[in-house]
Amino acid sequence: MASEVVEMHLKLLFDLDNLLSDMDEPHYKEIGFKIEDEEKLSLSRARQDLLGKLPPEIAGIYERLRKRYQKAIAPVDNGFCFGCFQQLPTELLTRIKEINTCPNCGRILYWRRK
Amino acid sequence: MNLSSLLTKDRVNLMIKPGKKNKVIEDLVFLIKKGSDAELIVSTLMKREELGSTGIGKSIAIPHCRSLAVDKLEIAVGRTTKEINYNAIDKKPVSLIFLIIAPPQDPGNQYLLTLGKIVQIAKELTKKDLVFKPQTPEEFIILIGQIEKDLKKRK
């Protein structure tokens, strides 16, 4: 699978997981955005579908990290991993692999487009 | 944090072309991001809409999500030149749309606080019948600032 497709699926999966966790925030319900359980279930199914579209090893890494940290992906800013706030080694900044993980915390790294 | 200070005139478009909900949301996202980042944000926003409309009623909608594509809280506002079908909770069409995109890492949960604030401001806009009053982005930002001041005084 092309790395851009993997990256797109991963990013969407991550955004959906954030959506799911925000919906459980008490403040979210207080604001007035109440989501029915049935709808939550359909979102969970959509995330499972996305997970199934990823290469199994990447899906496995993602799920393991999500269980450990809740947020499996960390943006990179100014050479720092924004998950653990450690500086990344220079060689990692070439981003040669399909997915890159932080050598310190293990989170999947994401470089934002400027 | 003031909403009016987060808004800039290039992020307010009061002349959005009416169209399907996803197209209008896309036009608003383009005020913030372009390319594949915009595509990702639109996909997440539309997933959120599938869970239940963010059309809060009285012609206002507040689509929102977190996305890896942004590194800080981003807000854009659009008003369509003709009301659009948004499947809002009151089943009425929508014209004024506040779009909020937050980064995944969000110290102090500014995202939900801002979302709550926008809901409050939106209610004031409808209560005072001000949704269609501002004619320029500058007027809109000033109006939001005034509403924020009034809300603060009432506290």
Side-chain angles (χ1 to χ4, degrees), chain A residues 4-5 7-47 49-50 66 69-78 80-85 107-114, chain B residues 29 32-58 60-72 74 88-90 98 100-123:
Chain A
E4 304 86 65
V5 179
E7 189 186 301
M8 194 66 184
H9 285 336
L10 260 178
K11 284 192 287 184
L12 187 56
L13 178 63
F14 182 69
D15 286 352
L16 295 191
D17 280 337
N18 283 322
L19 205 56
L20 274 163
S21 75
D22 279 333
M23 285 181 335
D24 288 329
E25 287 274 337
H27 190 57
Y28 193 72
K29 291 171 198 162
E30 282 163 25
I31 295 169
F33 292 109
K34 193 176 173 292
I35 309 282
E36 301 298 332
D37 288 345
E38 200 182 311
E39 308 302 339
K40 273 190 204 168
L41 209 65
S42 84
L43 187 61
S44 299
R45 276 196 292 265
R47 81 165 298 278
D49 288 349
L50 261 176
R66 188 179 65 89
Y69 296 119
Q70 263 197 332
K71 292 187 194 291
I73 303 180
V76 175
D77 205 340
N78 232 355
F80 282 84
C81 162
F82 256 51
C84 63
F85 300 98
R107 288 181 179 92
I108 298 166
L109 296 169
Y110 172 66
W111 282 260
R112 283 193 190 99
R113 282 168 188 82
K114 293 287 172 194
Chain B
V29 170
I32 297 172
K33 284 276 173 187
K34 303 267 191 264
S36 63
D37 280 346
E39 205 184 307
L40 172 71
I41 295 170
V42 172
S43 301
T44 311
L45 287 168
M46 293 318 291
K47 278 277 174 229
R48 169 62 190 82
E49 292 298 323
E50 282 173 26
L51 304 175
S53 178
T54 58
I56 60 165
K58 302 200 171 158
I60 296 181
I62 312 175
H64 54 269
C65 70
R66 285 185 198 271
S67 181
L68 262 175
V70 299
D71 59 3
K72 60 179 178 33
E74 304 278 9
I89 51 165
D90 61 356
F98 290 87
I100 312 171
I101 316 291
Q105 276 81 6
D106 176 26
N109 221 346
Q110 284 302 310
Y111 167 50
L112 294 184
L113 292 174
T114 309
L115 191 57
K117 199 166 193 181
I118 290 180
V119 170
Q120 239 185 332
I121 290 169
K123 283 180 181 162

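To find a chain, count down the sequence lines: A is the first, B the second, and so on, and within it residues start at 1. Quick caveat: nothing in here was measured; it's all calculated off a predicted structure.
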More than 12 heavy atoms of other groups within 6.0 Å of K117(B) NZ: yes
Enclosure of K47(B) NZ (heavy-atom neighbours >12, cutoff 6.0 Å): no
H64(B) (side chain) donor-acceptor with I62(B) (main chain) under 3.5 angstrom: yes
Which portion of K11(A) sits near chain B, non-hydrogen atoms under 4.5 angstrom: both
Proximity breakdown for E50(B) and chain A, heavy-atom pairs closer than 4.5 Å: backbone
R66(B) to Y111(B) six-membered ring, cation-pi geometry met (6.0 Å, 45°): no
Gap separating the CG atom of D24(A) from the CG atom of L19(A), nearest 0.5 angstrom: 10.5 Å
Residue part contacting chain A, namely of I56(B), when any heavy atom lies under 4.5 Å: side chain
Residue L12(A) versus chain B: region with a heavy atom under 4.5 Å: both
Option that, when pairs with chain A are counted at under 4.5 Å, heavy atom only, ranks first among G116(B), G35(B), S67(B), G52(B): S67(B)
Proximity breakdown for E30(A) and chain B, heavy-atom pairs closer than 4.5 Å: neither
